[in-house]
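Structure record follows, encoded as structure tokens.
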Number of protein chains: 2
Amino acid sequence: MIADKIYAAFEEASQRNTRPRKLIAERLVELAQSGADFTIDDLWQELREGEPHLGRATVYRSVEMLVNARLLDRIEFADGSHHYRVCGGNHHHHHLTCIRCHRVVEVDVCLPVDQFAAIGNQTNFDIEGHSLTLFGRCEDCRTAKM
Amino acid sequence: MIADKIYAAFEEASQRNTRPRKLIAERLVELAQSGADFTIDDLWQELREGEPHLGRATVYRSVEMLVNARLLDRIEFADGSHHYRVCGGNHHHHHLTCIRCHRVVEVDVCLPVDQFAAIGNQTNFDIEGHSLTLFGRCEDCRTAKM
DNA sequence: ATGCATGCAAACCATTTGCATATCC
DNA sequence: GGATATGCAAATGGTTTGCATGCAT
């Protein structure tokens with residue numbers, strides 16, 4: 001069903017059902033199951049093992065579509081690097097990332113809703129969105145020497 | 001006094017009181033007063049008017065020191081661009097940015113503290129920090145045609 | 001057959017780095 | 001005088017773009 005959503009997103013964003021997109025979708029389904037996060041380069045390298053001519057740009061273009069379709073979350077690290085993660089695209093959530101290994105975990109915390117309204121009034125902005133990321137150190141990295 | 005803090009930060013980060021740093025500090029004091037946010041390139045261009053040989057790298061290096069000293073806040077936009085803002089380095093706050101004009105406003109909202117502890121327990125992470133940014137549309141941009 | 005998506009390579013752009021020189025102490 | 005910050009230019013790294021070709025429809 002996550003697979004269906006991905007295919008649906010591709011179909012909606014454009015019109016052709018191509019081999020590269022199939023490969024990307026398949027890999028993303030696996031990544032969705034493991035809950036793992038990845039960089040664009042990770043994804044490209046992995047896909048290239050089975051399809052040496054697959055272009056980097058194709059991966060960028062596909063990922064962009066899926067981010068727009070809210071099927072992938074883009075996570076920004078303090079060092080400027082980006083990771084991605086398959087997210088059902090359903091419930092509202094944010095991320096907690098490990099400072100050391102860059103692992104990403106979904107979390108449900110958020111600001112109380114009335115806060116948004118209050119800020120809107122106070123500043124005279126229409127609040128349209130927000131991003132919240134927590135930083136920490138995961139169990140493994142805490143145990144590791146440094 | 002913000003000026004003092006900036007000089008103190010430079011002194012602490014290294015040892016020399018150079019002309020480029022003086023110029024940077026002066027400009028930042030002005031920017032602190034107006035509360036305006038800026039990009040590194042903005043800053044460089046402005047400084048270059050009075051000091052044509054000032055190097056871009058010098059600005060990058062100085063800004064980095066001041067960000068580390070918590071005198072400048074780095075704000076990331078969704079499009080990946082970075083803006084900076086002089087912040088006293090005192091009270092905890094976050095930012096509200098205008099989607100259209102990129103104006104930046106400080107806000108005091110934050111997660112309730114107990115939430116952090118809860119998430120820490122739940123995920124087995126040591127929570128060390130967080131970033132929260134609100135996105136919206138400011139009054140001017142709402143009135144503007146698009 | 002038509003035209004969109006791809007692959008490739010070059011272009012981009014912000015940022016970093018190496019190094020000779022100028023500057024500060 | 002000796003060391004460090006600077007300026008410059010080149011390198012970097014992630015991402016985007018232009019274009020000829022291939023492939024899905």
Side-chain angles (χ1 to χ4, degrees), chain A residues 6-28 37-69 72-84 102, chain B residues 6-28 37-69 72-84 102:
Chain A
I6 292 173
Y7 287 118
F10 276 140
E11 272 169 43
E12 197 162 332
S14 81
Q15 42 256 272
R16 289 193 187 169
N17 187 9
T18 65
R19 180 167 170 75
R21 290 185 187 175
K22 273 178 212 149
L23 295 169
I24 290 170
E26 284 168 15
R27 185 82 249 273
L28 290 179
D37 57 280
F38 55 91
T39 64
I40 295 223
D41 207 65
D42 290 341
L43 183 57
W44 182 53
Q45 299 295 353
E46 291 162 0
L47 291 168
R48 226 148 58 108
E49 287 173 14
E51 191 82 355
H53 288 281
L54 191 129
R56 213 203 311 269
T58 301
V59 179
Y60 273 95
R61 292 188 268 238
S62 297
V63 166
E64 196 200 352
M65 289 181 197
L66 297 175
V67 168
N68 290 339
L72 292 180
D73 276 1
R74 165 187 275 126
I75 297 123
E76 305 226 5
F77 286 87
D79 66 5
S81 65
H82 295 151
H83 282 216
Y84 295 82
H102 282 193
Chain B
I6 292 173
Y7 287 118
F10 276 139
E11 272 168 43
E12 197 162 331
S14 80
Q15 41 254 277
R16 287 194 187 168
N17 188 9
T18 65
R19 178 166 171 76
R21 290 184 186 175
K22 274 180 211 147
L23 295 169
I24 290 170
E26 285 169 13
R27 184 81 249 269
L28 290 180
D37 58 281
F38 55 92
T39 64
I40 295 222
D41 206 65
D42 289 341
L43 183 56
W44 182 52
Q45 299 295 353
E46 290 162 1
L47 290 168
R48 226 149 57 110
E49 287 174 15
E51 191 82 355
H53 287 282
L54 190 128
R56 213 204 311 269
T58 301
V59 179
Y60 273 95
R61 292 187 269 238
S62 298
V63 166
E64 194 199 354
M65 289 181 196
L66 297 175
V67 169
N68 289 339
L72 293 181
D73 275 359
R74 166 186 274 125
I75 297 124
E76 305 226 4
F77 285 88
D79 66 3
S81 65
H82 295 152
H83 282 217
Y84 295 82
H102 282 193

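Side chains are part of it too, since the values below use all heavy atoms of this structure and drop only hydrogens, waters and symmetry mates. Reminder, nothing fancy here: chain letters follow the sequence lines and each chain counts from 1. Everything quoted here is computed from the prediction, not taken from an experiment.
When the nearest nucleotides of DNA chain D are assigned to H82(A) and T18(B) by heavy-atom distance, the more 5′-ward of the two goes with T18(B).
Rounded to an integer number of Å, the gap from CZ of R21(B) to C1' of dA22(C) is 14 Å. Spacing between atom CZ of F38(B) and atom P of dA14(C) amounts to 16 Å, rounded to whole angstrom units. The separation between D41(B) atom CG and dC12(C) atom P is 17 Å, rounded to whole Å. Remark: P of dA14(C) and CZ of F77(B) are 14 Å apart, rounded to the nearest angstrom. For the pair E51(B) CD and dA22(C) P, the computed distance is 15 Å after rounding to whole Å. Atom C1' of nucleotide dT15(C) and atom CD of E76(B) are separated by 13 Å, given to the nearest angstrom.
To the nearest 0.5 Å, atoms NE2 (H102(B)) and OG (S81(B)) are separated by 5.0 Å. Remark: Y84(B) OH to D73(B) CG distance equals 11.0 Å, nearest 0.5 Å. Note that the CZ atom of R74(A) and the CG atom of N68(A) stand 8.5 Å from one another [nearest 0.5 Å]. For the atom pair CD of E51(B) and NZ of K22(B), the computed distance is 11.0 Å after rounding to the nearest 0.5 Å. Residue T18(B) holds its OG1 atom at 8.5 Å from CG of L23(B), rounded to the nearest 0.5 Å.
Between the side chain of R19(B) and the base of dT23(C), no donor-acceptor pair under 3.5 Å is found. Side-chain to base pairing of R16(A) with dC4(C): one donor and one acceptor N or O lie within less than 3.5 Å of each other.
Summarising the geometry of I24(B) relative to T58(B), their closest heavy-atom pair is CD1-O, 4.4 Å, with the distance given to 0.1 Å. The nearest pair of heavy atoms linking R21(B) to F10(B) is O-CE1, 3.7 Å.
Reading DNA chain D from its 5' end, the first and the last nucleotide to sit under 4.0 Å from a heavy atom of chain B are dG2(D) to dC8(D).
Using a 4.0 Å cut-off on heavy atoms, the residues of residues 52-62 of chain A that approach DNA chain C are H53(A), L54(A), G55(A), A57(A), T58(A), R61(A), listed by number.
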Output side-chain donor-acceptor pairs under 3.5 Å for residues 42-49 of chain A, partner residues at least two apart or in another chain, one line each.
{"residue": "D42(A)", "atom": "OD1", "partner": "T39(A)", "partner atom": "OG1", "Å": "3.2"}
{"residue": "D42(A)", "atom": "OD2", "partner": "T39(A)", "partner atom": "N", "Å": "2.9"}
{"residue": "D42(A)", "atom": "OD2", "partner": "T39(A)", "partner atom": "OG1", "Å": "3.1"}
{"residue": "W44(A)", "atom": "NE1", "partner": "L54(A)", "partner atom": "O", "Å": "2.9"}
{"residue": "Q45(A)", "atom": "OE1", "partner": "R48(A)", "partner atom": "NH2", "Å": "3.2"}
{"residue": "Q45(A)", "atom": "NE2", "partner": "D41(A)", "partner atom": "OD2", "Å": "3.3"}
{"residue": "E46(A)", "atom": "OE1", "partner": "R27(A)", "partner atom": "NH1", "Å": "2.1"}
{"residue": "E46(A)", "atom": "OE2", "partner": "R27(A)", "partner atom": "NH1", "Å": "3.3"}

